[in-house]
Chemist: 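One structure is given below, represented as structure tokens, and several questions about it will come after.
Numbering starts at 1 and runs along the sequence shown.
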Amino acid sequence: MAKALVLESKGKLSIRDIDLPSHVGANDVKIKIHNVGVCGSDVHYYTHGKIGPFVVNEPMVLGHEASGTVIEVGKDVTNLKVGDRVCMEPGIPNLHSKATQLGIYNVDPDVRFWATPPIHGCLTETVVHPAAYTFKLPDNVSFAEGAFVEPFATGVHACVKAQIKPGDVCLVAGCGPIGILTALAALASGASKVFISDVAAPKLAIAGQYEGLIPVNITKESLVDKVKAECGKDWGVDVALEASGHPSSYDPLLACVRPGGTIVFVGMPVDKVPFDLVTAQSKEVRMETVFRYANVYDRAVSLIASGKVNLKPLISGVYPFEKAIEAFERAASAKPDDVKLQIQLVE
């Protein structure tokens, strides 16, 4: 039995003992959890009890953004040792699936992802995880930053798919956690500047602290006019990344991207949205989609360690484990100046 933060049912959380897997296989490691980030999907399961076809039908441990310390290694593990500080990629694919063999294991239908029903998450004292999806943290990367690797990897994956080139001008629609992280990943990938748009002034102010990020409050100014003033009225940004999932963002992105440019869809709309395909065709816009990430976790860790990406200003609050329910209540309240909350299990 292990103490964990358990989503008992929609709207009901408890901190209690629960029976979780503890056997360490030959290629596994056991990790003592240190920090866990509170993700929007965790909060959505808490407030709605489901995301699409994934329904919480029985108690489930939440959490999938984590860092910790290796306390046991399987007999065949050679890349990690007891005492290593690590972060964990939370999706475990079927190694025999066609998707995994093609290198796109993130879209493997058989992937087992932490805190996605019926799979338990990592807001508990220890977890057992495959060594292949466990990454050692450099000495200059803190546990808090290590727990940030998971959402940051989404932004890195989006930028890899965007094929950002040195000097590119980019636009990110949406200034939530994923939007800011995607914008920072774009800068670290070589973008010369990144516009980032939203309606939330507090989050735009946070983004505006970073050199190279240009916040645009679309309640006060036109995103299209702002971009054209910078890029030319008949031109636009090289890469536009949609990170809000809001239907109203698609037309402005199409207007802002240059002919032959790229749009990457990162945010997920709740419902189907109309899309102006003819405008995209007339510009021969290259379009890419993103679902989580694949083959970029080590890149994300390296970027953080290099100092090219400073994630510390994005941590809005850290709660001890015994106040984890309070952290989720705050996250559910969606304070406008909150970016990322974390729960710390080890002092």
Chemist: So if I apply the side-chain contact (heavy atoms from CB on, under 4.5 Å) rule between Phe328 and each of Leu341, Leu7, Leu62, which one comes out positive?
Modeler: Leu62
Chemist: Does any N or O in the side chain of Asn140 come within less than 3.5 Å of the main-chain N or O of Ala305, such that one atom is a donor and the other an acceptor?
Modeler: yes
Chemist: For Arg286 and Gly260, indicate whether the former's side chain and the latter's backbone hold a donor-acceptor pair under 3.5 Å.
Modeler: no
Chemist: With a 4.0 Å cut-off on N to O distance, would you call Asp238 and Lys165 a salt bridge?
Modeler: no
Chemist: Is there a donor-acceptor contact under 3.5 Å from the side chain of Gln101 to the main chain of His96?
Modeler: yes
Chemist: Of all the heavy-atom pairs spanning Ser197 and Leu171, show the shortest one and how long it is.
Modeler: OG-CD1, 4.5 Å
Chemist: Within the 4.5 Å heavy-atom criterion, are Pro269 and Tyr250 side-chain neighbours or not?
Modeler: yes
Chemist: When you measure from the side chain of His120 to the backbone N and O of Val61, does any donor-acceptor pair fall under 3.5 Å?
Modeler: yes
Chemist: Report the distance from atom CD1 of Ile15 to atom NZ of Lys3, rounding to the nearest 0.5 Å.
Modeler: 8.0 Å
Chemist: Give the cluster check for Ile196 versus Val169: same hydrophobic cluster or not, with ILVMFWY residues linked at side-chain heavy-atom distances below 4.5 Å.
Modeler: no
Chemist: Using a cut-off of 6.0 Å, state whether more than 12 heavy atoms not belonging to Arg112 lie near its atom CZ.
Modeler: no
Chemist: Sub-3.5 Å donor-acceptor pair from the side chain of Lys10 to the main-chain atoms of Tyr45, do we have one?
Modeler: no
Chemist: Are any of the side-chain heavy atoms of Lys340 and Glu65 separated by less than 4.5 Å?
Modeler: yes
Chemist: Is there a donor-acceptor contact under 3.5 Å linking the side chains of Thr279 and Asp276?
Modeler: yes
Chemist: Counting heavy atoms not belonging to Arg299, are there more than 12 under 6.0 Å from its CZ?
Modeler: no
Chemist: Can you tell me if Asp168 uses its side chain to pair, donor with acceptor, with the backbone of Cys170 under 3.5 Å?
Modeler: no
Chemist: Working to the nearest 0.5 angstrom, can you tell me the gap between Arg85 CZ and Thr69 OG1?
Modeler: 7.0 Å
Chemist: Do the side chain of Ser9 and the main chain of Lys12 share a donor and acceptor less than 3.5 angstrom apart?
Modeler: no
Chemist: For Leu311 versus Ile304, what's the shortest heavy-atom pair and its separation?
Modeler: CD1-CD1, 3.6 Å
Chemist: Could you check whether any side-chain N or O of Thr219 sits under 3.5 Å from a backbone N or O of Val199, counting only pairs where one atom can act as donor and the other as acceptor?
Modeler: no
Chemist: Decide whether Val264 and Leu223 are clustered together by the hydrophobic rule: side chain heavy atoms of Ile, Leu, Val, Met, Phe, Trp, Tyr closer than 4.5 Å, transitively.
Modeler: no
Chemist: Is there a side-chain contact between Ser67 and Gln342 in this structure, where contact means two heavy atoms from C-beta onward sitting under 4.5 Å apart?
Modeler: no
Chemist: Does the side chain of Thr154 come within less than 4.5 Å of Leu181's, by heavy atoms?
Modeler: no
Chemist: Which atom pair, heavy atoms only, marks the closest approach of Lys193 to Ile214?
Modeler: CD-CD1, 3.8 Å
Chemist: Determine yes or no for a side-chain-to-main-chain donor-acceptor pair under 3.5 angstrom, with Ser316 supplying the side chain and Val339 the backbone.
Modeler: yes
Chemist: Hey, mind stepping through Met287 and Leu277 against side chain to side chain contact (heavy atoms under 4.5 Å, CB included) and telling me if it holds?
Modeler: CA-CA 11 Å; Met287 293 182 282; Leu277 184 59; 4.2 Å; yes
Chemist: For Lys308, is there any backbone N or O sitting under 3.5 Å from a side-chain donor or acceptor partner on Ser306?
Modeler: yes
Chemist: Got a sec: does the CG of Asp76 have more than 12 other heavy atoms crowding it under 6.0 Å?
Modeler: yes
Chemist: Between Asp225 and Lys228 (salt bridge meaning N to carboxylate O under 4.0 Å), is one present in this structure?
Modeler: no
Chemist: Do you know the tightest heavy-atom contact between Ala255 and Val224?
Modeler: CB-CG2, 3.9 Å
Chemist: Cluster question for you: counting only ILVMFWY and a side-chain heavy-atom cut-off of under 4.5 Å, with indirect links fine, are Leu80 and Val141 together?
Modeler: no
Chemist: Could you tell me if the side chain of Val111 sits less than 4.5 Å from the side chain of Asn106, heavy atoms only?
Modeler: no
Chemist: Which residue, Val285, Thr289, Val239, Val237, forms the side-chain contact (heavy atoms from CB on, under 4.5 Å) with Ile263?
Modeler: Val285
Chemist: Please give me the minimum heavy-atom distance between Glu242 and Ser249, naming the atom from each residue.
Modeler: OE2-OG, 2.8 Å
Chemist: Start with the C-alpha distance between Thr262 and Ile164, add both sets of side-chain angles, then the distance that settles side chain to side chain contact (heavy atoms under 4.5 Å, CB included), and finish with yes or no.
Modeler: CA-CA 9 Å; Thr262 299; Ile164 293 173; over 6 Å; no
Chemist: What is the distance from atom CD1 of Ile33 to atom CZ of Phe321, rounded to the nearest 0.5 Å?
Modeler: 10.5 Å
Chemist: Could you check Tyr293, Tyr105, Trp114 and say which one makes a side chain to side chain donor-acceptor pair (under 3.5 Å) with Glu89?
Modeler: Tyr105
Chemist: Under a 4.5 Å cut-off applied to non-hydrogen side-chain atoms, are Val227 and Glu230 in contact?
Modeler: no
Chemist: Are the side chains of Ile92 and His129 in touch, meaning some heavy atoms are under 4.5 Å apart?
Modeler: yes
Chemist: Do Val290 and Lys161 make a side-chain contact, defined as non-hydrogen atoms from C-beta onward lying under 4.5 Å apart?
Modeler: yes
Chemist: Applying side chain to side chain contact (heavy atoms under 4.5 Å, CB included) to Tyr210 and Leu314, what does each step give before you reach the verdict?
Modeler: CA-CA 11 Å; Tyr210 290 96; Leu314 305 181; 3.6 Å; yes
Chemist: Does Phe275 form a side chain to side chain contact (heavy atoms under 4.5 Å, CB included) with Phe265? I'd like the steps, not just the answer.
Modeler: CA-CA 12 Å; Phe275 185 77; Phe265 299 98; 3.8 Å; yes
Chemist: Would you check, one step at a time, whether the test ring-ring contact (aromatic ring centres under 6.0 Å, His included) holds for Tyr297 with Tyr133?
Modeler: CA-CA 9 Å; Tyr297 234 72; Tyr133 296 92; 9.1 Å; no
Chemist: Is it true that atom NZ of Lys136 has more than 12 heavy atoms of other residues, nucleotides or ligands lying nearer than 6.0 Å?
Modeler: no
Chemist: So which heavy atom on Val36 is nearest to which on Gly63, and how close?
Modeler: CG1-CA, 4.1 Å
Chemist: How about Gln281: does its CD atom have over 12 heavy atoms from other parts shown lying under 6.0 Å from it?
Modeler: yes
